[in-house]
Amino acid sequence: MRQLEISDLITAVDPHTGRRLPVQRSEVMRQLREADDERAARIVARMPTDEDGVLDPYAVDRLVVLVHTELQRLSEELRIDERLVHVLGPLLAAIRATTGRSGPFRLVDVGCGLGYLVRRLAATGALGEDVELVGVDLDGTLVGEAERLALADGLDCRFVHGNAFDLPEAATVYVSTGVLHHFRGPALEAFFQAQAASTALAFCHFDIAANRLAPIGAWIFHRARMRHPLGRHDGVVSALRAHDDETLLRAASVPGIRALVYEPRGMSNPFCTTLRPVIGVRPDLEEPLRRSLGRGARRLVGPEHFAVGAR
Ligand SMILES: C[S@@+](CC[C@H](N)C(=O)[O-])C[C@H]1O[C@@H](n2cnc3c(N)ncnc32)[C@H](O)[C@@H]1O
């Protein structure tokens, strides 16, 4: 059975212009039924449309913001910012030492949603004052909400509506949370190639660790912490769609990038490690990163750990 997330189907934007595109409810339901997911089709059937059957964009926006607000609770409980700082702190130390630059270093959160990670990093200042924090998302409503929340808290960070790989200013490091599993096959490869082709020095993308417990864990978590059926549905599907370590290492092993996974399967407790990062560094950064991680470097493995060949 093909697994589809409802949230991927009910909004559509032109990836180059960011312009919102109309979405036919019947078309979304057709795709979900084709994927044998009647329950998801019923959730969509309850969403309002205009007389031509196009999903009401305002209702969709309200729902997307609601679901992402619930999703933020998971990020809070999983302490995603602390997990990122745990590896990004040493990575930035390695970048400072290797480049000899004093900054500013630009962190770009790809698909920032409501910007929780960027806002939290701005609030804690955990990465240092020389790190500029930027969140980017193709969804203008989410970016608008992220900006509003940052402004309300007087945070030093910014948000951009658009494609994270089309920014006028290059990123030093690309990061993301919960985004990788949305890309499949060639789209996943293009995601990593875009970063290798940029002037960025590294990336660090956290996503659900694929293991047999993940769908059960996701079901319990989303049942307990999320209210809307769409959020509950997509949460479990996300865990089912999560990429395994080998797939991520293979896709991220593009020329000019050394791909690594931190705390891979077999080196972490599957009950605790719900999210783990795939990291990519320019090859001369690997040794400084390992030195900077200290004992933690033992948990950083490349494709050879799984005998995954580079493409
Ligand atoms: C599931 S959401 C993740 C939201 C957020 N990271 C979180 O943890 O709450 C995935 C987001 O990635 C965005 N996205 C996908 N590709 C993108 C790109 N190339 N540039 C900017 N945003 C992108 C989508 O618009 C979507 O809002």
Side-chain angles (χ1 to χ4, degrees), residues 3-21 23 60-61 63-81 83-84 107-121 133-147 149-150 157-168 171 174-184 186-195 197-198 200 203-208 218 221-222 225-226 228 230-239 241-243 274-275 277:
Q3 304 287 348
L4 297 175
E5 283 176 68
I6 302 170
S7 54
D8 281 345
L9 305 176
I10 58 173
T11 56
V13 285
D14 182 320
H16 300 294
T17 62
R19 201 170 59 84
R20 185 84 177 249
L21 303 171
V23 177
V60 169
D61 285 350
L63 183 54
V64 169
V65 170
L66 173 86
V67 169
H68 277 78
T69 305
E70 293 193 344
L71 197 61
Q72 174 170 318
R73 288 196 208 128
L74 300 192
S75 298
E76 288 166 7
E77 284 184 29
L78 296 174
R79 300 196 307 215
I80 190 65
D81 58 308
R83 287 178 188 221
L84 184 99
L107 172 147
V108 170
D109 183 5
V110 184
C112 65
L114 290 178
Y116 171 74
L117 178 68
V118 164
R119 287 185 285 111
R120 181 79 189 140
L121 292 172
L133 302 165
V134 185
V136 188
D137 205 292
L138 289 168
D139 188 313
T141 307
L142 290 174
V143 167
E145 198 56 14
E147 259 172 349
L149 294 166
C157 56
R158 66 192 172 88
F159 293 95
V160 179
H161 173 209
N163 185 336
F165 305 121
D166 281 347
L167 295 178
Y174 286 105
V175 303
S176 73
T177 56
V179 170
L180 290 179
H181 65 272
H182 290 274
F183 299 107
R184 328 291 303 173
L188 184 66
E189 288 170 12
F191 177 81
F192 289 116
Q193 271 156 1
Q195 293 164 83
S198 77
F203 56 75
C204 178
H205 298 291
F206 276 80
D207 204 7
I208 304 160
F221 225 96
H222 287 79
R225 303 300 277 136
M226 299 190 85
H228 198 281
L230 187 152
R232 288 178 169 177
H233 172 273
D234 282 6
V236 176
V237 171
S238 304
R241 297 173 89 199
H243 297 296
T274 40
L275 296 165

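Order of appearance sets the numbers: ligands from 1, and atoms from 1 within every ligand.
Between the side chains of His182 and Asp8, at least one donor N or O lies within less than 3.5 Å of an accepting N or O.
Proximity annotation for atom 20 (N) of ligand 1: of Ala146, Ser176, Ala164, Ala164 comes nearest, heavy atoms only. With Asp137, Leu117, Val136 as candidates, the residue nearest to atom 11 (C) of ligand 1 on a non-hydrogen basis is Asp137. Taking each of Gly111, Gly115, Gly140, Gly178 in turn, the one with a heavy atom nearest to atom 5 (C) of ligand 1 proves to be Gly111. Relative to atom 16 (N) of ligand 1, the option among Phe183, Phe165, Tyr116 with the closest non-hydrogen atom is Phe183.
For ligand 1, the atoms sitting less than 4.0 Å from at least one non-hydrogen atom of His68 are 2 (S), 4 (C), numbered in the order shown with element in parentheses. Close approach of ligand 1 to Leu142 is summarised as follows: ligand atoms under 4.0 Å from at least one heavy atom of the residue are 27 (O). For ligand 1, the atoms lying closer than 4.0 Å to a non-hydrogen atom of Leu71 are 9 (O). Within the listing of ligand 1, atoms 18 (C), 19 (N), 20 (N) sit less than 4.0 angstrom from a heavy atom of Asn163.
Of the options Asp139, Asp61, Asp14, a salt bridge (charged side-chain N to carboxylate O under 4.0 Å, His left out) to Arg20 is made by Asp61 and by none of the others.
In this structure, atom 8 (O) of ligand 1 lies nearest to the protein heavy atom Thr177 OG1, 3.1 Å. Val179 CG2, 3.9 Å is the protein heavy atom nearest to atom 10 (C) of ligand 1. Of all protein heavy atoms, the one lying nearest to atom 22 (N) of ligand 1 is Leu138 N, 3.2 Å. Protein heavy atom in closest approach to atom 1 (C) of ligand 1: His182 NE2, 3.2 Å.
Here the CG atom belonging to Asp109 is positioned 10.5 Å from the SG atom belonging to Cys204, to the nearest 0.5 angstrom. Between the CD atom of Glu70 and the OG atom of Ser75 there is a distance of 12.5 Å, given to the nearest 0.5 Å. With rounding to the nearest 0.5 angstrom, the OG1 atom of Thr141 is 11.0 Å from the NE2 atom of His68.
Considering backbone and side-chain atoms alike, Ser75 places every N or O at 3.5 Å or more from each N or O of ligand 1.
For Phe191, the heavy-atom gap to ligand 1 stays at 4.0 angstrom or more. Residue contacts with ligand 1 include Gly162, since one of its heavy atoms falls under 4.0 Å from the ligand.
Ser7 is linked by a side-chain contact (heavy atoms from CB on, under 4.5 Å) to Glu5, Leu230, Asp234, counting only residues two or more places apart in sequence or in another chain.
Neither the backbone nor the side chain of Phe206 comes within 4.0 Å of ligand 1, counting heavy atoms alone. Contacts with ligand 1 closer than 4.0 Å are made by no heavy atom of Gln72, backbone or side chain.
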Would you list the atom pairs, donor with acceptor, under 3.5 Å between side chains in residues 111-120 and any protein atom, with sequence neighbours excluded?
from   : atom 1 : to     : atom 2 : distance (Å)
Arg119 : NE     : Leu114 : O      : 3.0
Arg119 : NH2    : Gln72  : OE1    : 2.9
Arg119 : NH2    : Leu114 : O      : 3.0
Arg120 : NE     : Asp81  : OD2    : 3.1

Evaluate the side-chain contact (heavy atoms from CB on, under 4.5 Å) criterion for residues Leu275 and Ile208: first the C-alpha distance (whole Å), next the side-chain angles of each, then the deciding distance (0.1 Å), finally the verdict.
CA-CA 4 Å; Leu275 296 165; Ile208 304 160; 4.0 Å; yes
Carefully, step by step, assess His205 and Val179 under the rule side-chain contact (heavy atoms from CB on, under 4.5 Å).
CA-CA 8 Å; His205 298 291; Val179 170; over 6 Å; no
Show, in sequence, the C-alpha distance, side-chain angles and deciding distance for Val108 and Leu167, and conclude whether the side-chain contact (heavy atoms from CB on, under 4.5 Å) test is met.
CA-CA 10 Å; Val108 170; Leu167 295 178; 3.9 Å; yes
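When every heavy atom of Ala242 is checked against every heavy atom of His181, the shortest pair comes out as CA-CB, 4.1 Å.
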